[in-house]
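Only this structure's heavy atoms are used, side chains among them; waters, hydrogens and symmetry mates stay out. For clarity, every value in this text was computed on a predicted model and none was experimentally measured.
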Amino acid sequence: MSPAWPLRDEKAGVELVGAHVSHQEYDDAEKGLYDSSDKLPVIPPMAHQRQLADEKKLQVDTFFSKESNPTSPIHEGITPFSSVPALSLSWPPGWKIPDGAKVVERDQGRKPSITNIKPKEKISRWILFVLWFNTYRKFFTFVTLLNLTGIILAALGRFPYAENHLGALVLGNLLMAILMRNELFLRVLYIVAIYGLRSWAPLCIKLAATSVLQHVGGIHSGCALSGAGWLVYKIVEILRYRAIQHPAVVASGIITNVLVIISVLSAFPWVRNTHHNVFERHHRFIGWLGLATTWGFVIMGNSYDIKVGEWRSDANSLLSVQEFWFAVFMTIFVLIPWVTLREVPVHVEIPSPKVAVLRFDRGMQQGLLGRISRTSIMEYHAFGIISEGRKSPCHYMICGVQGDFTKDLVANPPKTVWTRELKFAGVGHASAMFKRGIRICTGTGIGAALSTCIQSPNWFLIWIGSNQEKTFGPTITGLIRKHIEPERMILWDSKERGGRPDTVKLLKEVWESFGAEVIFITSNMQGNDEMMQGCRAAGLHAFGTLWDF
């Protein structure tokens, strides 16, 4: 393994040693280029404080000293510019070793170095459970248990509605699953929450609404699984009485059942996260095929009269059933995003081999994300949108090189890409509900965070990365310089500073000095968990990155 990360002062010959990790691993992780949670170091809080009119004390620019600036955690020199001076870590005469540190002798005649051995703060099991059993899992658990109860009651003959409307229970669940992933429907939910709550609602209601908006995927997953469960129950009932059913109805029901189950299983977390293309092909295309066979199942199932064993030609009987209208709205909401599909011009800037910055025409609201692809219907990838506002002539996406799609953006920059003009809202879109907040991100997470801080003067930006200006280029750093005042941001270069800051302590300082109500986090899994746990323990309201379950 490579040498330890040092914070070194050459004059004093002193190092503050953190964790052992290679420079390349650390740079890649901070840029968001891969998730190597087990290799990332957790750098202890820096043992430096700013002088207050006393020459004997250390002169250091630090984010963690309240005394240095009672109104802002920002000190001079902490800007996006490449000329940011390095922290001066010379230890003055009379300086004492901080608690929890020890002196370690170096060979080759060097002076002693400081190694912090303070153990990581232990998080209670209750906090870990609360963060695990989040609103997503609460929604999923409630929906699946409710439907499972209904299936059990129907099997026991104690649910009369299910006996006559099994198809409605199937399609009603599937319709709700589609709605919870529909761009237009979610944008409407955000509009209602933002404009309906921000002027009068107390903070607790705004936080609850934000949690619901962020975790509606739990309803999507729960309803999709429940719809498949009701469909299996319906087919079992049909097969029990297959003697009086037409073979075409039985066959269409079995085919629909198989297709829907494959579509649902392909969206399980392991498949989605480790085999994205497999998920996309099966969930999308087999899902569409399942929708088509659902139409055939609904029409034939309601057109065949089992009492007389004949087909009905009366259209009114079909129009009057719930299943028909559920199928209609399912089809409409599946088609809406795709009718906005366009091939649009794009300009690709490659500031470094690890990042591509894509520029598109027209401005956007903050907190939105867009999906792009080189083809019209395959391999869509979502990225955060950076824009100066609706009236801006363009918007940007930051694509960190992680897989084949993003590697090809750097190796073979396209002139056009396919995208859905109807963008979808991320949880950052809910920032408009709050008076003041903090947006903290690492690496390429700046793509999802920057618009909020550009378009709102009441949001504070913390960006932790590695050599940001060189890695992400003049376009991104230029937007930061132009729109965000130095007292409203902290840009932490982990390569120049020798490691990451104590993010939880940093958030506490900014929370108090800036008067924030909420924190939005965009980071890799390790960074997200660390900050969410620390914020929960400190009583700070925070919303972190989600990995679709």
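Between the side chain of T419 and the backbone N or O of R371, at least one donor-acceptor pair lies under 3.5 Å. Checked by atom type and distance alone, the side chain of Y233 pairs as donor or acceptor with a backbone atom of A154 at under 3.5 Å. In this structure, the side chain of R374 does not engage the main chain of F405 through any donor-acceptor pair within 3.5 Å. Looking only at distances, no side-chain donor or acceptor of S221 sits under 3.5 Å from a matching main-chain atom of G218. Checked by atom type and distance alone, the side chain of T141 never pairs as donor or acceptor with a backbone atom of K138 at under 3.5 Å. A side-chain donor-acceptor contact under 3.5 Å links R488 to the backbone of C453. Panel note: side chain E183, backbone I336; no donor-acceptor pair is recorded below 3.5 Å.
Residues passing the side-chain hydrogen bond (donor to acceptor under 3.5 Å, both in side chains) test with D361: none are found, sequence neighbours excluded. Legend: residues meeting side-chain hydrogen bond (donor to acceptor under 3.5 Å, both in side chains) with H282, ordered by chain and number and at least two apart, are absent. By the side-chain hydrogen bond (donor to acceptor under 3.5 Å, both in side chains) test, R536 is found to be paired with no residue, residues two or more places apart in sequence or in another chain being considered. Legend: residues meeting salt bridge (charged side-chain N to carboxylate O under 4.0 Å, His left out) with R362, ordered by chain and number and at least two apart, are E421. The side-chain hydrogen bond (donor to acceptor under 3.5 Å, both in side chains) test applied to T135 returns S211, not counting sequence neighbours. With sequence neighbours left out, the salt bridge (charged side-chain N to carboxylate O under 4.0 Å, His left out) criterion links R284 to E280.
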May I have the list of side-chain donor-acceptor pairs in residues 337-344 shorter than 3.5 Å, sequence neighbours left out?
{"residue": "T340", "atom": "OG1", "partner": "P337", "partner atom": "O", "Å": "2.7"}
{"residue": "R342", "atom": "NH1", "partner": "V339", "partner atom": "O", "Å": "3.1"}
{"residue": "E343", "atom": "OE2", "partner": "T416", "partner atom": "OG1", "Å": "2.9"}

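For the atom pair CD1 of I386 and CE of M364, the computed distance is 13.0 Å after rounding to the nearest 0.5 Å.
Ring pair F434/F520 is perpendicular by interplanar angle, where above 60° counts as perpendicular and below 30° as parallel.
Pairs engaging residues 376-386 under the side chain to side chain donor-acceptor pair (under 3.5 Å) rule: E379-H381 [sequence neighbours left out]. Sorted by first and then second residue, the side chain to side chain donor-acceptor pair (under 3.5 Å) pairs with a member in residues 144-159 read N147-N173, N147-S226, N147-W230; sequence neighbours excluded. Listed by first and then second residue, the salt bridge (charged side-chain N to carboxylate O under 4.0 Å, His left out) pairs that reach into residues 230-255 are E237-R240, sequence neighbours excluded. Applying the side chain to side chain donor-acceptor pair (under 3.5 Å) rule to pairs touching residues 187-207 yields R187-Q365, sequence neighbours excluded. Sorted by first and then second residue, the pairs that involve residues 451-462 and meet side chain to side chain donor-acceptor pair (under 3.5 Å), not counting sequence neighbours, are Q366-T452.
In this structure, R439 and W463 have side chains that are not in contact, with every pair of non-hydrogen atoms separated by 4.5 Å or more. With a 4.5 Å cut-off on side-chain heavy atoms, F329 and L179 do not count as touching. At a threshold of 4.5 Å between non-hydrogen side-chain atoms, the residues V170 and F297 do not count as touching.
The two residues G544 and M532 have their closest heavy-atom pair at N-SD, 3.4 Å.
Each of I462, I521, I464, T442 was evaluated against T503; a single residue qualifies, I464, per the side-chain contact (heavy atoms from CB on, under 4.5 Å) test.
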